[in-house]
Structures are given as C-alpha cells and as structure tokens.
Amino acid sequence: MTEFPDTTTTSDPSHDAPGEHGDDAAGYYTPGEPIADTKAPGGPISERWSTRKFEARLVNPANRRKLSVIIVGTGLAGASAAATLGEAGYVVKSFCYQDSPRRAHSIAAQGGINAAKNYKEDGDSVHRLFYDTVKGGDYRSRESNVYRLAEVSVNIIDQCVAQGVPFAREYGGLLDNRSFGGVQVSRTFYARGQTGQQLLLGAYQALERQVAAGTVETFTRHEMLEVIVVDGKARGIIARDMVTGEIETHLADVVVLASGGYGNVFYLSTNAMGCNVTASWRAHRKGAYMANPCYTQIHPTCIPVSGSHQSKLTLMSESLRNDGRIWVPKKQADCTKDPRDIPEEDRDYYLERIYPSFGNLVPRDIASRAAKNVCDEGRGVGPEVDGVRRGVYLDFGAAIERLGKEGIEEKYDNLFDMYERITGENPYEVPMRIYPAVHYVMGGLWVDYDLQSSIPGLFVTGEANFSDHGANRLGASALMQGLADGYFVLPHTIRDYLADGPFEKVPADHPAVVEAEQAVQSRIDHFMNNNGTRSVDSYHRELGNIMWEYCGMERTEDGLKKAIDLIRTLKDDFWRNVKVLGSAESLNQSLEKAGRVADFFELGELMCIDALNRRESCGGHFRGESQTEDGEALRHDETFAYVAAWEFAGDDEPPVLHKEDLVYTAIEMKQRSYK
Ligand SMILES: Cc1cc2nc3c(=O)[nH]c(=O)nc-3n(C[C@H](O)[C@H](O)[C@H](O)COP(=O)(O)OP(=O)(O)OC[C@H]3O[C@@H](n4cnc5c(N)ncnc54)[C@H](O)[C@@H]3O)c2cc1C
C-alpha cells in the first residue's frame, strides 16, 4: 500500500461545469457579505492553538465564581464542558431533555474514538490525522480547526484513562487500537462495541463530581425552546419542564449549545428518537448562522429497512469493516440464494475490487454510494421493500476461520448479539445484511475558531457545530471532536469572552426575555388549540421520505427544486392540520414532537437550498450533475471551496448566504482517490 496515495485529477470538461446553467439556487436565497474566521492566529499551523491559548485572556479564580454559564446538552460535548468549567469555578447550569445526563445520545456510540497516539508504530502522527481528516472531509473543512483537533486528540485518551474508562487493552496491558474507514493506520481506541457509553460514564462522573461540589446544577427533562438575546448577546434560554409543563426562564452570562445532530430530519436514521434541531434552529432564527446544512453522513453499515412500520434504524458499527468483507452476488439470479451456497468465484467483493488500496475501509460516503449502486443494478440481497432488494452482505466467514469464533466474540460480541436480536439471523453462521442509513450531520451552527457562533456569547460544541469534518466525517472522529471541544478547547476560548465580565444583570422583565417567553407560549398554544386531524408522526414520516428521496444519497437540481415545493406545501398543511393530544401542563410527547417537527420543516427546506446551491459533489453531498466518468464525486474547488453560512432573514424571506473562503496553507487540495 502506498502512503498518501492521492492522485491529482482536474475537472472533467465533458461533465457539467458549475455555472453552466447559471446559479441553480437563484431566487431561493439572497447573496450576503463574505465572512471570515477572525480568531485563528496566523503562522505555522502547528503553533496556532498554542498561540490562541496564550492570547486568550484569563479570568482570575475569584472572578469565575461571579460568572455564569448555561450549557444545553449533556452528551460528550456538553458533559465534558460542564465538568471542566465547573471545575474551573464558573457557575454552571446544565440542561438535557432525558431523565439523566448519562442518557444523552452519545451513549449509543459503538465503534471507538480516534487519537494520534501512534501506539501501533504504524506511521501515525498528529499531521497524518490532520491530513486524513481534511482529505476525508473532501477539503471542505477549516484547516486550523482540524489541526487543533488532531493535536488535542492525544490528551483525550489520557484524560479518559485517568477517569477509569475501560478501553480495550492488548495482552501486554497497552491500550489496543483498530482501524476505521478512510485511513491506513490503526488509531481507534475502543471499549468493545460500547465506546460512547463508557466515555459518557467518564464524563458523567466528572459532571456529578461538580454537582456535588456545588459548581454545576443539572436540569433534566428540560427542553430548551428559545434563546434569549439581549443587546445582540446571548444571555439565557427559555426551557419547558417536560414533566410539569412549566415554562422557565434561565439567565446567564454566556450560553453553550451542545445539543447534538439533526439527522432525524430524515425520520429514519440511526440517531436516538429524541435527537432534534430545536436548540440550534431557535438560535439560528435569532441570528446564529447555519453552516453547510446539506452535509449529511449516510453510514454504510446499518441494518436494512424492513418495511414501512419502522421508526428507527440500527447501526452496525463501522469497526466491523476491520474483519467483515462486503460483497453481493455477481449474478442477479443468485440474489435470492442462501449466501452460503454462492461459491467464492460468484461473489463480487466490490469495494476490494474498485478500491484496492483501502478495500472495505474506504470512507463512509464512498462505501455507501457503492452499496447503493450495486443495489440499483439489481444485485441487492434480502427481502424486497417497494420492489427493490436494498442490502449487501457483510461476511465474517474468513475472519472466523482466521481468528476463531472467540476472537470475533472478543471484539464484537455485543454487536453480533444485537444483530441477531433484531434480524433473527445468527451472523456467526450467515453473513450480516447491511445497507446505508442517515447517521450524522457534518452541517451545524457556524462557529469561529473559538467555537463562538455569529451571536456573541453563544458558543456551540460537538455535533451541533459544523466545524471540523467538512463534507464527510471519518469514523470515530465525532467522539474525539465532542470531547476535544468540551475538555480542551472551549474552556480556553470561552474565558476570552468571559474576561469582559462581570456583565450587567438582565432583569426578568427585560423586553427580550418577555418576547422569548411569549414566543414559546404562543407556539405551545397554537399546537394545543389547533384542532387538526393528522398526527405529528405522520407529517414527520412524510417529510423524512421527501428528504431521503431528494436530499439523500444523491441530489439533483430537479429533485431538490421539487423537494422544496413539497416541503413548503406539507409545512403549510402541518400548521393548519396537525393534531396534538393531551395537555400542555404535563408530560406530552406529542407536544414535544410537534415543536421539533415544526423546526425540521424549516431546516429541511434550508438543507435543500444549500444542496441546490452547491452544484458540485463533495463527501456526503453527491450531486448527480457533478461526477467523474467512473461515477466518483467531482468537486469544483474554483467555485465552491467555501463554507456556506446561512443567515435567517425572516419567515417567508429567502435566507442570506454568507461565504467563508476555505484557505489551505498546510495541505494541498486534491481530488480524492482511495483506489
Ligand atoms: C448509533 C451511533 C453510533 C455512533 N458511533 C460512533 C463511534 O463509534 N465513534 C464516533 O466518533 N462517533 C459515533 N457516533 C456519532 C456520535 O455518537 C455523536 O456524533 C456524538 O455522540 C454527539 O455528541 P454530542 O455531545 O454533540 O451530542 P449528543 O450526545 O447527541 O447530546 C445532545 C444533548 O443535547 C441535549 N439536547 C438537545 N436538544 C435539547 C434541547 N432543545 N433542550 C435541552 N437539551 C437538549 C440532549 O438532551 C443531550 O443531552 C455514533 C452515532 C450513532 C447514531
């Protein structure tokens, strides 16, 4: 295998060039002023983070006790930030909608967390993790942020080990590593198939320690429904107590959103059912720019959809691609056969065939599209859903021969058990069947190098921000980013903002507070009094179908325009005809969902506009009009090497597009190749 195996290719003139048909999204948006990240220092990339940490002003310990921080979210990004800021001595309030901070969606993460420790001595380094991440993101991420992420990755593992996180170890006692897609080294630390759970327990213990110390107060079963902006600065939130229905106002000097990703806009996804965009979207409507909202990650290894009754899809961790081989029958006629009866020579290990350098470990976007292509050709396996077999095999036969059943159990037993419980098939005996599903969003609220949004005093961490993964996230890098943001980045950057304190107190009857409270109340009143006929879930499912069909694995100009029309029509119908049962003064999941789906409608429309504007293919964003002769994603750097940061301009007003140019000084932009 070659090192750094990129081949530079130029845009293929026989294919559609950007601008050939004018601006696809013309009329759907208003051009705005360019923006830039003003916080990342210049100079050599390896020194930027040290410089910023040094330049960020300090707050002395006595003053920290006078400064308050609201953190929405207790996943890895939020719990780590709350614990660290509490330990530093700030007054922290921590919110989540679950019944315990440790039930945040991060708990679902299975496969592992990356760090450039080079324990395997296989050529890893901070620079290589940086390189892999920028390349994996298809050169659509900000290089200073990514370098910092790679740099602090090594600290995360030490911090978690010190907390007692039980990472897998080799027989000699050293921490073990495995490989994930898009890389040729082993840098993923793991705790069987429960890495997120173990990391979250570590962060949760650190958080609870601060609760006991009196620096952090937790508000569980509280849903943030509005952000309070006073004189242009974030100063608090409105939250609903989900048990009593009480609407509460919480004020602070600074607000942090660590509220996770919005993949559930697609209805079916691997995300927890509660994941939503409300916290981010409410902030967006108050002035926080939404960046690259169309960049969605479709994960290649999920249990296939089995019918229209489903409301959730299940991920089978990418770590399985270390040992499992992906294939479909060469002949359509074999697709209904028992896979064990199909001889080796009749199997098409298509990833190994098309991408010999990376094989089954190509990045997620590439593996997903390849699976779609073979199923579209009619070579999918498993039951037909809507007339098509959408499944490919993930086969452990060879690995079991090599490592024995015990060897496989040691690495993946809970994943194999989960698969068997859901499908009724034993993957030790029959190959797993998998298919791509929505999994993660690279888009999110725009932040600068300090993780501050376009609203001063509103910081955003973890999956909720857009910052590090460009157009495609590499596996095992979300946990790394969440913990990097919370333990190591935000605590340094937020102090520069807080150093301006103490801040003037905001009175409870300030017009901005009253306006936010009223906005929340009137939305709730609308839902409770709207005597419609259709359930919230049915709208959500229909919206999800539109998004998957037209803004999913492949997007086209016609499809996206159609999707925008369909979403607008459905949204109008939703506001007129939705039926919310129960009362607003008690636990009411229908009411909770109504608010979330209302925000998904607006987000879905913006995602389609963003996808329409970007007439290039990059990472998880594949525009049918922009592909190479052999069907690979084709970027157009001369036109689209920018972050699309969208500003909310008002209901029924087209959003405003601000472009942040992506400038690479430490890495050369190339057309990706994993062949
Ligand atoms: C099945 C699955 C497996 C994965 N496996 C891996 C893996 O192996 N490695 C990896 O790197 N990544 C993995 N990921 C991705 C990773 O788990 C997530 O990106 C990451 O955990 C997100 O962390 P977070 O802290 O940003 O948000 P979350 O963990 O989603 O937490 C969000 C928090 O915000 C709160 N919240 C949200 N909205 C509101 C609101 N309005 N009011 C109050 N509170 C609110 C929630 O209560 C929650 O506490 C996986 C994802 C899935 C779906």
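Order of appearance sets the numbers: ligands from 1, and atoms from 1 within every ligand. Everything numeric here is computed off the predicted structure, so don't read it as measured data.
Contact annotation for E318 and ligand 1: no heavy atom of the residue comes within less than 4.0 Å of the ligand. At a heavy-atom cutoff of 4.0 Å, ligand 1 is contacted by no atom of S269, backbone or side chain.
For the residue pair D253/S68, the side-chain donor-acceptor check at 3.5 Å is satisfied. A donor-acceptor contact closer than 3.5 angstrom links the side chains of Q521 and D525. With hydrogens and angles left out, the side-chain atoms of D485 and Q481 include a donor and acceptor closer than 3.5 Å. In this structure, a donor-acceptor pair under 3.5 Å is absent between the side chains of E318 and T301.
For atom 23 (O) of ligand 1, the choice among G75, S106, G486 with the nearest heavy atom turns out to be S106.
At a 3.5 angstrom cut-off on N or O pairs, N271 does not count as close to ligand 1. Remark: ligand 1 and G112 share an N or O pair separated by less than 3.5 Å (distance only, no angle test). Looking at ligand 1, you won't find any N or O of E223 less than 3.5 Å from one of its N or O atoms. Considering both main-chain and side-chain atoms, G261 never comes within under 3.5 Å of ligand 1 through any nitrogen or oxygen pair. By the 3.5 Å distance cut-off applied to N or O atoms, T461 is not counted among the residues near ligand 1. Not a single N or O atom of T270, backbone or side chain, sits closer than 3.5 Å to an N or O atom of ligand 1. At least one N/O-N/O distance between E463 and ligand 1 falls below 3.5 Å. Of the polar atoms of Y97, at least one N or O is found under 3.5 Å from an N or O of ligand 1, judged by distance alone. Among the atoms of F180, none of the N or O lies under 3.5 angstrom from an N or O of ligand 1. Between A108 and ligand 1, no N or O atom pair is found at a separation short of 3.5 Å.
In summary, the atoms of ligand 1 found under 4.0 Å from a heavy atom of C96, numbered by their order in the structure, are 44 (N), 47 (O), 49 (O). Of all the atoms in ligand 1, the ones that sit under 4.0 Å from a non-hydrogen atom of G260 are 26 (O), 27 (O), 30 (O), 32 (C). Within the listing of ligand 1, atoms 11 (O) sit less than 4.0 angstrom from a heavy atom of S477.
Here F466 and Y295 keep their ring centres 6.0 angstrom or further from each other.
Applying the salt bridge (charged side-chain N to carboxylate O under 4.0 Å, His left out) test to pairs two or more places apart or on separate chains, those with a residue in residues 271-285 are E226-R282, R282-D599, R285-E602, R285-D651.
The aromatic rings of F416 and Y412 lie parallel to each other, their planes meeting at an angle below 30°, with 60° marking the opposite boundary.
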